[in-house]
Structures are given as C-alpha cells and as structure tokens.
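Lettering of chains follows the sequences in order, A, B, ..., and the numbering in each one begins at 1.
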Amino acid sequence: GAVVSQHPSWVICKSGTSVKIECRSLDFQATTMFWYRQFPKQSLMLMATSNEGSKATYEQGVEKDKFLINHASLTLSTLTVTSAHPEDSSFYICSARDPASGHSYNEQFFGPGTRLTVL
Amino acid sequence: KNQVEQSPQSLIILEGKNCTLQCNYTVSPFSNLRWYKQDTGRGPVSLTIMTFSENTKSNGRYTATLDADTKQSSLHITASQLSDSASYICVVSGGNKLVFGAGTILRVKS
C-alpha cells in the first residue's frame, strides 16, 4: 500500500514551452501533497505544499507563477512548469500524505520522480 | 537554524562488508527521524522511522540508531550487497516540515 506514481518519468522540452507533471496517490487519499526539486548530487528541496481544494503554499524563492500547482482531487496533484528554461532542468519529486489514513508517523510517501530536461 | 548533516559524503566498500553512515541534526521541535534509500533517478524509499523514545530500529540488513540527547543517528548496513549502492538520506521531521540531509552516496564494489 501507499504507492505514489508520477507521470511522465522523464520529459525533454524546448525552452519557452510549458510542461505538466502529474502526481497520483494510487491506494490512499492524499489530503496533502508536496513538490520537491533535486539537482544533481544535492538533496531534495521543498518547493511547495498543496492541500486538496486550496491554493498551494510556496517556499521562499519559488515563483508561484512559474510553478503552477493544482491539487483538485484527493488522489491527483499537478505541477506545471511554465515557460521552461534550461535552468529549470532538474529532478522533480512529489510526495503525498494523509494524516487520517492511519499511516504511522504522519509519513510522506514519495513518487519515483520526473526528470525534466529543457533544451 | 534547522539542519541535518550527514557523513561521509560518499563511501566505497566491498561487497559483503559492513558500513555505518552518520547523521547529526539540529531540528526543533523534533518529531521523528527517517532514513531513506534513493536509487539513482528514483524517488526516496523509507528504510526506518524513529521517534524520540526509540533508540534502535531494524529493517532487514539495515539498523538505525538514535540518540536524542546528542541529536545523532546512524544507519548500519550489514553484509552489503551490490544493490545497496544508492544515496542514503537522513530526514528529520520537525512540525509539519521535513529537513533533509544532503545524503551519503554509497557504492558497493564486487
């Protein structure tokens, strides 16, 4: 149980285009989802926290107009990188949590990640 | 400042050998400490989670320890296998946020 999927697993796009990444909780309802970015040989950095049905909370330094997050249902959150540039190339990872699910320690379950390359 | 520091940054060991990874933290309030394994190009997978009152927890060949007084944790890997090659990340939960360490890159050689 507690499986989180991401789609696509990798994507290559041209500079200036927008890319949408999906994060799904497959076997539980995720009231809260998190989006992280990871650069090579660095750890995960939290970009934003989204709660189902409400606006996402962005971390300092993360442009909300560039990284659009939608959490319209209890099993799906999307991250759209708008007008992508080469410096946006990174590994994007989502995680999901449901405090009411009974999972111990209020645990976050991570997706497999999406590798974005902007040419 | 909430920080999690891991050592060493990287480690190479021979297959079958044991190793220990270290994690020091200055996160407050403290809720729990987690060790994750992250294979290259994949998301982190949970190995162990420990609360303040837990000193040790095992998951197969992985054994984590926690000293909440000194704010230190270790992850011991026994009889390493080639598939153990990965990044091991120490994560401390404080409040609603997770504080990530930079990870230790482990390479197991045959």
Side-chain angles (χ1 to χ4, degrees), chain A residues 1-11 21-26 31-51 56-60 79 89-99 103-117, chain B residues 1-11 21 23-25 27 29-54 57 59 64 66 73 85-107:
Chain A
V3 178
V4 176
S5 70
Q6 282 184 241
H7 178 79
S9 56
W10 59 271
V11 57
I21 302 170
E22 293 185 348
C23 176
R24 293 182 185 273
S25 57
L26 298 185
T31 53
T32 305
M33 287 185 168
F34 304 85
W35 286 96
Y36 295 86
R37 181 165 51 182
Q38 185 177 31
F39 292 107
K41 296 187 179 180
Q42 295 185 23
S43 195
L44 283 72
M45 293 190 63
L46 181 65
M47 298 174 66
T49 301
S50 73
N51 292 297
T57 302
Y58 290 81
E59 295 299 298
Q60 192 172 9
L79 167 68
S89 298
S90 187
F91 193 54
Y92 291 87
I93 303 174
C94 72
S95 70
R97 180 180 79 190
D98 180 12
H103 293 132
S104 59
Y105 307 111
N106 207 16
E107 186 171 0
Q108 291 183 29
F109 299 94
F110 289 88
T114 296
R115 171 74 59 195
L116 170 63
T117 301
Chain B
K1 183 180 178 181
N2 290 329
Q3 283 186 318
V4 176
E5 296 183 351
Q6 292 187 242
S7 62
Q9 280 188 325
S10 62
L11 181 63
L21 314 180
C23 172
N24 297 337
Y25 63 93
V27 178
F30 174 86
S31 179
N32 55 68
L33 184 146
R34 313 150 185 234
W35 282 94
Y36 287 90
K37 178 186 179 188
Q38 185 179 22
D39 292 312
T40 301
R42 305 293 294 174
V45 175
S46 179
L47 295 175
T48 64
I49 301 177
M50 290 183 291
T51 60
F52 182 88
S53 59
E54 295 175 293
K57 185 165 280 188
N59 177 2
L66 173 64
S73 176
S85 296
S87 177
Y88 290 84
I89 306 172
C90 175
V91 183
V92 179
S93 175
N96 286 322
K97 294 237 179 119
L98 300 183
V99 183
F100 287 80
T104 292
I105 298 173
L106 173 66
R107 182 181 164 203

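Contacts of A/Q6 with chain B are absent, with no heavy-atom separation under 4.5 Å from either backbone or side chain. Of the two parts of B/Q6, neither the backbone nor the side chain holds a non-hydrogen atom closer than 4.5 Å to a non-hydrogen atom of chain A.
A donor-acceptor contact shorter than 3.5 Å links the side chain of B/K57 to the backbone of B/I49.
Classified by interplanar angle (parallel below 30°, tilted 30° to 60°, perpendicular above 60°), the ring pair B/Y25/B/F30 is parallel.
Options A/G113, A/P112, A/S95 differ in how many heavy-atom pairs under 4.5 Å they form with chain B, and the most are formed by A/P112.
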Name the atoms and distances for all side-chain donor-acceptor pairs under 3.5 Å in residues 41-50 of chain A, with sequence neighbours left out.
unit_1	atom_1	unit_2	atom_2	d
A/S43	OG	B/G101	O	2.5
A/S50	OG	A/M33	O	3.4
A/S50	OG	A/H71	ND1	3.0

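Residues B/T51 and B/N32 have side chains that never bring a donor and an acceptor to within less than 3.5 angstrom of each other.
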